[in-house]
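Just dropping this structure here.
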Amino acid sequence: MMTRNRMLRWLVCGRLGPVWMWKALLFFVAIAFATQLLGIIFNKSSTQPAAHSIFSSPDAQGPSLGSCQPHTHIMFLKTHKTASSTVLNMLYRFGEERNLRFALPLGYQLGYPLPFNAHRVKGYRGPRATEFHIMGNHMRFNRPEVEKVMPADTFYFSIIRDPVALAESSFAYYKEVAPAFRKAKGLGDFADDPNKYYDPRLRNNHYARNLLWFDFGMDNNANFSVELAQHGEAMIRQTFRLILVSEYFDQSMILLRHALCWPLDAVVSFSLNARQQKPSSNSIMGGSWVGKAAVAAGVGARAGRSQGKMLPNLSLTDHQREKLRQWNALDWYLYKAFNRTFWEDIDKFGRAQMEQEVALLRMRREILGRVCLRDGGKPVEAYRIRDKNIRPFQSGVVKILGYELQPGLDNATRTACLRMIRPEIQYKDLLDSKQFPRPVQPQLGQQGQGLLAAGGAFGRHDSSRTGEKMMMGEAEMERERDWDGSRIMKSNQTLKGVREKERLR
Ligand SMILES: Nc1ncnc2c1ncn2[C@@H]1O[C@H](COP(=O)(O)OS(=O)(=O)O)[C@@H](OP(=O)(O)O)[C@H]1O
């Protein structure tokens with residue numbers, strides 16, 4: 001026994017080293033193994049493609065649609081403050097995933113608020129010369145010009161919202177842009193006596209009256225009459241196969257999915273462009289993200305001016321709500337008319353079937369929200385979003401919220417999640433760069449900055465990108481200012497001619 005112990009000690013201490021050395025070695029091996037394991041669990045994203053992304057599960061398809069073929073020629077009239085950015089995001093995603101061609105604006109809007117002209121589309125080369133699949137950026141509708149761009153079998157659809165809710169959203173967003181709103185202390189004051197603040201001749205005042213009617217291409221200052229309203233309604237029905245209702249967004253998505261023959265995931269979305277309802281501790285006065293961003297970007301104009309301004313007062317009495325309905329009588333008429341037929345369509349679809357599909361849609365949104373979004377999917381203020389490529393554009397003093405991605409996603413899931421939360425401006429830039437690839441210009445490099453305008457307000461954004469490889473879009477092309485503050489190419493002679501005519505209006 002003694003001899004064996006002595007032999008062991010000799011073996012361990014003499015030939016193989018001391019016991020403490022073995023213990024230390026084992027300890028380091030264990031640590032290295034655990035680190036590897038944790039790395040695999042938490043950091044699969046950078047190296048491994050997802051074998052089974054949640055987006056490729058059978059649930060992504062939703063209930064069967066029969067033997068229909070998905071529509072790929074689509075025109076969406078993106079009305080203002082109606083959840084239209086959320087809808088546009090779906091169109092962007094659907095088209096990007098299938099390499100469809102978008103009729104994109106030269107800047108960020110298709111000539112808005114001037115009536116749409118085909119030459120506003122980047123790459124337009126005469127009636128139907130190019131096959132465009134999807135058109136959906138802000139425009140003032142003008143059917144003959146749209147028909148020059150889009151194929152004859154295009155599916156036209158749009159979205160509306162209760163004019164009172166729309167007025168709240170518009171007042172908050174365009175307070176500094178529309179002169180009629182700028183002068184009013186709050187929305188209630190404006191509602192009490194709109195004529196005191198409203199001058200129809202002033203630019204941007206269309207945001208303050210019958211904005212839906214205006215976006216559909218009609219005269220928002222026309223005196224209300226049932227005959228005129230019916231005529232407008234009939235014009236819309238002639239062109240648009242479906243009018244969604246923002247208040248019933250999920251039911252709208254089910255009708256849309258069936259009309260377009262699209263998979264369920266194509267109409268699952270996270271609400272974009274939402275306004276912060278309650279001010280946070282540091283949001284009453286300037287110092288907001290928009291102020292800082294504007295200062296950093298050297299933009300002293302509209303975005304910068306919002307610094308130091310109070311949040312707009314949006315509270316309304318029942319009487320003021322009613323007055324807003326009267327003030328926006330043409331929109332109120334449209335809302336009631338299309339809301340009625342919306343529910344008739346749901347009756348035809350089947351109420352029980354609708355309930356089932358809406359429940360599936362909501363379940364799917366919740367699952368994707370848990371997978372994709374940080375903080376349980378709660379929208380957050382822009383300044384808290386570290387990645388500037390998913391920070392939403394800010395307008396006025398209200399804060400437009402966005403999302404952060406869940407960390408540690410695999411590549412496929414991350415790409416799909418990113419598409420769902422990428423704000424409109426950045427998404428348009430990305431699609432633009434894919435459709436019109438240009439060599440990277442080293443002098444602008446990744447930090448190239450582009451002046452932008454969206455929703456009628458000015459600001460700056462950084463055109464550097466993460467997540468997907470970006471090529472320079474039109475940023476470095478010779479450009480001139482568009483009506484809405486965005487920039488258009490000088491080289492487009494036809495467009496120049498069009499613009500000269502437009503200036504005379
Ligand atoms: N899914 C869904 N359902 C209902 N409402 C939604 C949805 N997504 C966005 N929103 C609300 O739509 C408002 C923004 O509208 P838009 O994106 O059309 O604005 S914009 O004209 O493009 O600036 C904005 O309204 P307010 O928050 O009242 O300003 C968003 O909160």
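Just the heavy atoms: all of them, side chains too, but no hydrogens, waters or symmetry mates, feed the values below. Note that ligands are numbered from 1 as they come in the structure, with each ligand's atoms numbered from 1 the same way. This is a predicted model, so every value here is computed, not measured.
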Pick one of side chain, backbone, both or neither for how His138 approaches ligand 1, counting any non-hydrogen atom pair under 4.0 Å.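 Near ligand 1, His138 shows its side chain, while the N, CA, C and O stay back.
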Using a 3.5 Å cut-off on N or O atoms only, is Ala83 in polar contact with ligand 1? yes
Is Ser269 close to ligand 1, meaning an N/O of one under 3.5 Å from an N/O of the other?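 Among all N and O atoms of Ser269, none is under 3.5 Å from an N or O of ligand 1.
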Cation over ring, Arg101 on Phe436, under 6.0 Å and within 45°? yes
Does the Lys NZ or Arg CZ of Arg340 fall within the cation-pi geometry relative to Phe342 - under 6.0 Å from the ring centre and within 45° of the axis? no
Heavy-atom nearest option to atom 22 (O) of ligand 1, drawn from Arg275, Lys78, Lys81: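 Nearest option to atom 22 (O) of ligand 1, by heavy atoms: Lys78.
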Lys175 side chain to Arg182 backbone, donor-acceptor under 3.5 Å: yes
Does ligand 1 have an atom under 4.0 Å from some heavy atom of Glu168?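 No, Glu168 has no heavy atoms under 4.0 Å from ligand 1.
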For atom 16 (P) of ligand 1, which of the options Ser170, Ser169, Ser84 provides the nearest non-hydrogen atom? Ser84
Polar-atom distance check: His80 versus ligand 1, any N or O pair below 3.5 Å? no
Option whose closest heavy atom lies nearest to atom 3 (N) of ligand 1, chosen from Phe393, Phe249, Phe270: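 It is Phe249 whose heavy atom sits nearest to atom 3 (N) of ligand 1.
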Does ligand 1 have any atom that is closer than 4.0 Å to a heavy atom of Arg161?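 Heavy atoms of Arg161 do come under 4.0 Å of ligand 1.
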Is there a ring pair (Phe, Tyr, Trp, His ring centres under 6.0 Å) between His80 and Phe214 once you walk through the steps? CA-CA 10 Å; His80 282 78; Phe214 181 89; 8.5 Å; no
Validation: residues 262-272 side-chain donor-acceptor distances under 3.5 Å, sequence neighbours left out:
residue : atom : partner : partner atom : Å
Trp262  : NE1  : His71   : O            : 3.1
Asp265  : OD1  : Arg364  : NE           : 2.7
Asp265  : OD2  : Arg364  : NH2          : 2.9

According to salt bridge (Lys or Arg N to Asp or Glu O under 4.0 Å), who are the partners of Arg374, at least two apart in sequence or on a separate chain?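 Testing Arg374 for salt bridge (Lys or Arg N to Asp or Glu O under 4.0 Å), a comparison that skips the adjacent residues, returns none.
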Flag this pair as yes if the NZ/CZ of Lys148 is under 6.0 angstrom from the six-membered ring centre of Tyr124 and inside a 45 degree cone about the axis; otherwise no. no
Specify whether Trp332 and Tyr335 have parallel, tilted or perpendicular ring planes, treating 30° as the upper limit for parallel and 60° as the lower limit for perpendicular. parallel
Is the closest heavy atom of Thr79 to ligand 1 under 4.0 Å? yes
Under 4.0 Å from a heavy atom of Thr82: which atoms of ligand 1 are those, numbered in the order shown and with their elements? 15 (O), 16 (P), 18 (O)
